[in-house]
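Below is one structure, written out as structure tokens, with a few remarks after it.
Protein chains get the first letters and strands the later ones, always in sequence-line order, with residue 1 at the start of each.
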Amino acid sequence: MGIGYACLAAGVPQTEMKSLTLASVSEKTLMDTCRTNIAHLKNLITYTKGQGIELFRISSDLIPFGSSVANTLPWWEVFASELASIGVLAQEGGIRLSMHPGQYTVINSPNKSVVDNAIADLLYHARVLASLGCTPDAKIILHIGGGYGDKEAASRRFITVYRSLPHEVRQRLVIENDDKLYTIGEVLAIAEKAGCPAVFDNLHHAINPGREALTEREWMLQCASTWKPGDGRQKIHYSQQDPTKRAGSHSPSIALDEFLLFYEGLSGLSIDIMLEVKDKNISALKCMHATSGATREQLEAQWQRYRPLVHERDPAMVWEIKELLQGGGDGQSLGVAFYRLLERILAMEVSRPQAVITAETVAKQCIRTPTEGRRIDKRIAAYKRAEIPLDKLKQSILTLANNHAVDEVLTSYYFMM
DNA sequence: TGACGTCAAGATCCG
DNA sequence: CGGATCTTGACGTCA
């Protein structure tokens, strides 16, 4: 059972993907952005390996306009050795890579140019994974596409195009149920006819379940038979609903007990779980530590990152956590207890006076000049008088931390919530 | 024609 | 001038 996260790592400096607009595309900007993004991908993989995280989805933004005629740079040749070395790094870390083109890559469209563009996009994704030296278990996850008033015909078009895809795409392509149109039952029917593995997405399924009343576990068992030996372990997507947003919006973080319940339901299955959640790696580590266990050092390292968030809610809780971490218990039960306590604390309201003290402490580590000091003092004063919200104050502190590359601050979760 | 999702780039405003 | 904040982009489908 592997657990992983998608595209970006919160609190890991130098891992953001830069993008370009069409108007600013040139040989130079393309070179620069590709170089930066590939270096950042290396940092992401290094971090992921260091944390023992077994799954990672590479952002489609790695190469700007990767599948567009606007990009004439043979990036896979220019950066061949660098990409290969990143692939080796991932392999050493036992990291299974994947990619997931967005909602705009549609191969079942009745419009030929849309399909041609989509195929070019899939070739781009396959080329990224191939350049990294990935085996065919590194998958490209795709939705079926549009309905066009006739889902049967649209499904048939999907299968026809799927069969015509170049081998390097087809060997990696897997299909997923979506939250509006194609239910897991319909995806499975297509998967069986096309001979393509199916990914079960629990949240999409909750919103768009279709008429057959199978349990989640039964659906996952059905999907299991679409995965053949060379495809690697069966994959699923797991996410939770953000209660404050529209149906289908991913929650800011994974609620542990709800996840553990789902995880228990997977017993006896061999599945890789890709989490889709706003806080990315943060929740991935939580779910990993609470299921497979964690060393005291791993929990200690997480605690240091959460610390300012606890401090701004209730400094007394800092001691509770320290006590917990010093107490006994094996890696798994300690992990569960640690993250349950953290969730309880993070659900508490931030007290304004306490948030001021925390902000002052964090800001102090980032201020290098009197001007900066005065600017931050002003922001803190404005927050004290309730003229600006806390996240605006944090934003100014983050800008400073970035400008001076203050790693102790940048690696904390202080700015994430 | 705008919503949908995403989030950095780009533009503009502010101190 | 630099930082903060607002707007745009780039894609396809559907209401």
Next on the checklist: Nearest heavy atom decides the nucleotide; on that basis, is A23(A) or K378(A) closer to the 5' end of DNA chain B?
Outcome noted: A23(A)
Heavy atoms under 4.0 Å, any strand shown: does [X] hit a base, just sugar-phosphate, or nothing?
{"X": "G145(A)", "value": "nothing"}
{"X": "G102(A)", "value": "nothing"}
{"X": "N402(A)", "value": "nothing"}

Checklist entry - Nearest nucleotide by nearest heavy atom, which residue falls closer to the 5' end of DNA chain C, T21(A) or Y148(A)? => result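 Taking each residue's closest nucleotide, the earlier one in sequence belongs to T21(A).
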Checklist outcome for this item: On DNA chain C, more 5' by nearest nucleotide between R379(A) and L20(A) is R379(A)
Can you figure out which of [options] approaches the side chain of [X] most closely?
{"X": "T399(A)", "options": "dG12(C), dA4(C), dA9(B)", "value": "dA4(C)"}
{"X": "S19(A)", "options": "dC11(C), dA8(B), dC14(C)", "value": "dA8(B)"}
{"X": "K278(A)", "options": "dT6(B), dC14(C), dC4(B)", "value": "dT6(B)"}
{"X": "Q103(A)", "options": "dC4(B), dA9(B), dT13(C)", "value": "dC4(B)"}

Checklist entry - Hey, are D377(A) and R374(A) close enough for a salt bridge, meaning a charged N less than 4.0 Å from a carboxylate O? => result no
Taking atom [atom2] of [N] as reference, at what distance in whole Å does atom [atom1] of [X] sit?
{"X": "D116(A)", "N": "dC11(C)", "atom1": "CG", "atom2": "P", "value": "15 Å"}
{"X": "D391(A)", "N": "dA4(C)", "atom1": "CG", "atom2": "C1'", "value": "13 Å"}
{"X": "L22(A)", "N": "dG10(B)", "atom1": "CG", "atom2": "C1'", "value": "14 Å"}
{"X": "I376(A)", "N": "dA4(C)", "atom1": "CD1", "atom2": "P", "value": "7 Å"}
{"X": "Y124(A)", "N": "dA10(C)", "atom1": "OH", "atom2": "C1'", "value": "14 Å"}
{"X": "F65(A)", "N": "dC11(C)", "atom1": "CZ", "atom2": "P", "value": "7 Å"}
{"X": "K18(A)", "N": "dG9(C)", "atom1": "NZ", "atom2": "P", "value": "21 Å"}
{"X": "K392(A)", "N": "dC14(B)", "atom1": "NZ", "atom2": "P", "value": "14 Å"}

Checklist entry - Is the shortest heavy-atom distance from the side chain of S59(A) to the side chain of L8(A) under 4.5 Å? => result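 The answer is no; the side chains never approach within 4.5 Å.
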Item to check | Whether F259(A) and Y263(A) hold their rings parallel, tilted or perpendicular, with breakpoints at 30° and 60° | outcome: tilted
Checklist entry - In terms of ring plane angle, is the pair H289(A) and Y339(A) parallel, tilted or perpendicular, where the classes change at 30° and 60°? => result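 Because their plane-to-plane angle lies in the 30° to 60° range, the rings of H289(A) and Y339(A) count as tilted.
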May I ask you to evaluate whether [X] reaches the phosphate of [N], defined as a side-chain N or O under 4.0 Å from OP1 or OP2?
{"X": "N117(A)", "N": "dA10(C)", "value": "no"}
{"X": "S24(A)", "N": "dA9(B)", "value": "no"}
{"X": "T105(A)", "N": "dC11(C)", "value": "no"}

Next on the checklist: Could you check whether Y47(A) and N281(A), counting side-chain N and O atoms only, form a donor-acceptor pair closer than 3.5 Å?
Outcome noted: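 Side-chain D/A pair, N281(A) to Y47(A): present.
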Checklist entry - Do H100(A) and H237(A) have ring centres separated by under 6.0 Å? => result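 Distance test on ring centres: under 6.0 Å, yes.
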